[in-house]
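Note that this is a predicted model, so its numbers are computed, not measured.
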Protein chains: 2
Amino acid sequence: MLSDKNVKLEDVAKLAGVSKTTVSRVLNHRGYLSQKTIDKVHEAIDNLNYRPNQIARQLHERKTNLVGLVFPTMNDPFFSQLETKLDSQLYKLGYKTLLGNSQNDPDREQNYLQQLLNHQIDGLIVGSHNKGLTEYNNLNLPIISIERHIADHIPVVASDNYLGGKLATQQLIDDGCKHIIHTNYPELIASTNQLRQNAYVDVMHKNNLPVTIYHIDFDSSLEDKISIIHQLFIEHPEVDGIFADNDTNANLIMQTAKKLGYKIPEDLKIVGFDGSKMVQMFLPELTTIQQSIDQMAEVAVELLEQRIEGNTEVKSVTLPVKLIKGSTA
Amino acid sequence: MLSDKNVKLEDVAKLAGVSKTTVSRVLNHRGYLSQKTIDKVHEAIDNLNYRPNQIARQLHERKTNLVGLVFPTMNDPFFSQLETKLDSQLYKLGYKTLLGNSQNDPDREQNYLQQLLNHQIDGLIVGSHNKGLTEYNNLNLPIISIERHIADHIPVVASDNYLGGKLATQQLIDDGCKHIIHTNYPELIASTNQLRQNAYVDVMHKNNLPVTIYHIDFDSSLEDKISIIHQLFIEHPEVDGIFADNDTNANLIMQTAKKLGYKIPEDLKIVGFDGSKMVQMFLPELTTIQQSIDQMAEVAVELLEQRIEGNTEVKSVTLPVKLIKGSTA
DNA sequence: TATTTTATGTCAATCGATTGACATATTTTT
DNA sequence: AAAAATATGTCAATCGATTGACATAAAATA
């Protein structure tokens with residue numbers, strides 16, 4: 001078996017009977033070259049199974065074609081769809097994806113970030129939830145954020161969360177619900193989830209309905225989430241509508257409600273948020289606010305590319321949402 | 001804002017008033033050093049926000065600490081859980097993850113593979129479904145495969161698929177099913193899915209029951225999958241049990257069956273395969289064969305590490321499965 | 001005081017590919 | 001035949017960090 005790793009440009013040159021410079025010219029299509037030489041060199045490359053060492057090339061060009069992705073997890077319908085699409089879009093532009101899933105652990109996120117930077121990534125797409133990481137502020141690196149405000153100069157790609165919250169709440173009201181509860185994260189400062197909640201509060205107020213919010217931490221265990229949901233039903237047996245901040249929680253709420261004897265949608269109506277492909281597949285009955293997840297990825301990569309190209313005037317982008325009508329509301 | 005990208009070791013040396021060698025010694029803890037110098041250097045590093053260029057370091061050490069993952073997609077419960085855990089385990093060993101999701105497109109997989117190799121990855125973990133890619137055979141690179149046979153010398157980490165198929169089929173038989181259909185991929189040559197099917201066939205034969213298999217391509221569209229499932233019910237209205245080769249298909253089968261008026265489990269019993277966390281969450285009622293997905297990732301990373309360390313005697317590993325009893329069978 | 005040990009510096013090579021400057025052949029075109 | 005275009009080579013520097021060889025101090029120990 002030929003060992004690729006140790007074959008270098010020089011070996012190709014030797015075998016083809018030409019100079020290093022000529023091989024480099026063939027590889028990079030520069031200068032004058034005869035067809036004969038080009039063929040000879042390619043033949044040698046094939047014979048030796050030569051592969052140019054990107055590391056050496058990158059060192060010279062000071063560009064790695066590596067983009068880091070920093071997200072809390074991949075094992076979630078929303079993030080897995082998003083990262084899949086990001087990877088796919090980056091691939092089209094010739095970038096490779098370096099993972100940095102932080103599991104929402106701040107230490108780990110910071111550490112990941114350091115490592116990604118050490119790897120000389122050309123850019124970064126961030127969608128992690130951690131608060132208080134100031135590292136991002138001082139980076140001299142193209143960054144795009146998804147659904148999260150990081151720093152003033154970092155463009156954000158986000159859904160029209162306020163509209164989403166409005167649509168969800170209004171749907172429940174139109175369905176005749178009087179006691180509508182909203183679930184969301186406990187810490188919303190930097191998250192665009194705040195807008196979903198704001199819309200809920202505004203619409204409820206406008207309709208003179210009572211506002212009730214339960215906090216479900218994104219990172220807490222399944223058991224803890226279910227326990228909070230149980231508590232919700234115990235403390236508010238009158239609830240007849242729930243607007244969950246994401247589909248995963250909507251699902252848990254549905255399952256818990258069914259166990260407690262609620263009939264959906266007769267006794268209780270539910271609207272989720274996200275509308276990922278996976279949830280559409282496993283839970284098509286869920287009425288939800290669908291984000292344009294794939295489009296978010298497309299736009300994020302476009303913006304990042306612009307930043308990498310040196311454009312400093314990159315603006316944040318808001319994307320449309322739409323209500324997907326299932327049978328739960 | 002201090003620009004990190006352009007700060008190099010030499011700048012640190014200059015600011016600290018020491019030589020490049022001394023800075024390098026501080027960074028790599030080599031040779032004799034006074035505390036005073038160490039402090040001075042660290043201070044300069046902090047002031048300049050210096051970060052050693054990994055590319056340069058890697059070029060010298062000929063090690064990148066990068067591991068490539070080649071899988072068909074991330075937007076799938078099984079693969080997303082697997083890749084999440086792989087990333088997490090690799091992280092613990094100091095490796096970063098370079099993504100290569102092929103969408104099961106052979107050209108793309110080959111291209112990805114080339115690019116990963118160009119990036120001088122230290123190792124590769126493969127779980128893609130593509131057949132006929134001979135590239136893997138000639139690579140002088142540590143590779144571990146997951147649930148797929150690639151080449152004789154490449155260790156495979158896989159579940160006890162035969163046992164899984166046996167448990168699933170037996171469960172349906174124990175439930176009194178007489179007309180049990182199995183769904184699986186059309187091309188099983190390299191896939192360990194073959195064993196699930198073999199077990200089904202064996203158990204059915206032993207019980208003198210008729211064998212019926214439908215092929216659902218992993219990569220075909222949702223519509224095509226559903227269409228095949230529809231056809232299944234049209235051609236075999238007598239079916240009373242289905243053993244699906246994965247939970248995603250089991251889900252589609254359930255949904256289609258319900259639409260056609262089947263009651264589950266009264267009229268039709270279903271057993272899936274995979275038992276990922278996400279499916280457990282969204283479809284807890286599904287009876288399924290659970291693979292030890294997290295453990296697969298753990299073992300794969302362990303084996304890869306051994307290969308990277310130079311151990312050429314790395315053996316394939318088979319992991320246990322267990323039947324998770326839901327309400328569908 | 002003589003001898004180690006500790007602390008730091010200088011210098012150059014290395015990792016592998018790229019590139020600019022320059023030289024020297026061939027061809028091809030006027 | 002002269003001028004221009006084409007084809008290749010040599011050489012050295014560069015990208016940034018690492019390292020070995022060697023030199024030279026200063027501090028600690030015998």
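- For the pair B:Arg30 CZ and C:dA7 C1', the interatomic distance rounds to 14 Å; values are reported in whole Å.
- Comparing the axis of the opening five pairs of the helix from C:dT1-D:dA30 to C:dT30-D:dA1 with that of the closing five pairs yields an angle of 30°, rounded to 10°.
- For A:Leu48 and C:dA17, the CG to C1' distance is 16 Å, given to the nearest whole Å.
- Not counting sequence neighbours, the partners of A:Tyr91 by the ring-ring contact (aromatic ring centres under 6.0 Å, His included) test are B:Tyr112.
- Residues from residues 33-40 of chain A with heavy atoms under 4.0 angstrom of DNA chain C: there are none.
- When the shell of 6.0 Å around CD of B:Glu309 is examined, it contains more than 12 heavy atoms from other residues, nucleotides or ligands.
- Within the structure, every side-chain polar atom (N or O) of A:Asn28 is placed at least 4.0 Å from both OP1 and OP2 of C:dA17.
- In this structure, A:Tyr50 reaches the C:dA17 phosphate: one of its side-chain N or O atoms is under 4.0 Å from OP1 or OP2.
- The salt bridge (charged side-chain N to carboxylate O under 4.0 Å, His left out) search around B:Lys14 returns none, not counting sequence neighbours.
- A donor-acceptor distance shorter than 3.5 angstrom exists from the side chain of B:Asp122 to the backbone of B:Asn65, with no hydrogens or angles considered.
- In this view, B:Tyr95 satisfies the ring-ring contact (aromatic ring centres under 6.0 Å, His included) rule with no residue, not counting sequence neighbours.
- Atom OH in A:Tyr32 sits about 17 Å away from atom P in D:dG9, given to the nearest Å.
- Here D:dT18 presents its P atom at 12 Å from NE2 of B:His29, a figure rounded to the nearest Å.
- Of the two residues contacting DNA chain D, namely B:Ile55 and A:Gly31, the nearest-nucleotide position lying further toward the 5' end is that of A:Gly31.
- Here C:dA17 presents its P atom at 20 Å from NZ of A:Lys63, a figure rounded to the nearest Å.
- A:Ile45 has its CD1 atom 14 Å from the C1' atom of C:dG16, to the nearest Å.
- A:Phe71 is linked by a ring-ring contact (aromatic ring centres under 6.0 Å, His included) to A:Phe79, counting only residues two or more places apart in sequence or in another chain.
- With salt bridges taken as basic N to acidic carboxylate O contacts below 4.0 Å, one links A:Asp294 and A:Lys277.
- Per the geometry, CG belonging to A:Leu9 stands 7 Å off P belonging to C:dT18, to the nearest Å.
- Counting only heavy atoms from C-beta on, B:Ser24 has its side chain closest to D:dT18 among C:dA7, C:dT19, D:dT18.
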I'd like a table of donor-acceptor pairs (distance under 3.5 Å, sequence neighbours excluded) in which one partner is a side-chain atom from residues 38-45 of chain A, with atom names and distances.
{"from": "A:Asp39", "atom 1": "OD1", "to": "A:Gln35", "atom 2": "NE2", "distance (Å)": "3.0"}
{"from": "A:His42", "atom 1": "ND1", "to": "A:Ile38", "atom 2": "O", "distance (Å)": "3.3"}

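- A search for salt bridge (charged side-chain N to carboxylate O under 4.0 Å, His left out) contacts involving B:Glu298 returns B:Lys85, not counting sequence neighbours.
- Residues that satisfy the side chain to side chain contact (heavy atoms under 4.5 Å, CB included) test with B:Thr84, not counting sequence neighbours, are A:Thr73, A:Met74, A:Asn75, A:Gln103.
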| message | Using a 4.0 Å heavy-atom cut-off to protein, can you give one letter per nucleotide of nucleotides 10-15 of chain D, 5' to 3': B if the base is in contact, S if only the sugar-phosphate is, - if neither? | response | BB--BB
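- Between the CZ atom of A:Arg51 and the P atom of C:dG16 there is a distance of 15 Å, rounded to whole Å.
- The side chain to side chain donor-acceptor pair (under 3.5 Å) search around B:Gln291 returns B:Ser159, B:Asp274, not counting sequence neighbours.
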Name every donor-acceptor pair, under 3.5 Å, that has one atom in a side chain of residues 20-34 of chain A and the other anywhere in the protein, sequence neighbours excluded.
{"from": "A:Thr22", "atom 1": "OG1", "to": "A:Ser19", "atom 2": "OG", "distance (Å)": "3.1"}
{"from": "A:Ser24", "atom 1": "OG", "to": "A:Asn28", "atom 2": "ND2", "distance (Å)": "3.4"}
{"from": "A:Asn28", "atom 1": "ND2", "to": "A:Ser24", "atom 2": "O", "distance (Å)": "3.0"}
{"from": "A:Ser34", "atom 1": "OG", "to": "A:Thr37", "atom 2": "N", "distance (Å)": "3.2"}
{"from": "A:Ser34", "atom 1": "OG", "to": "A:Thr37", "atom 2": "OG1", "distance (Å)": "2.9"}

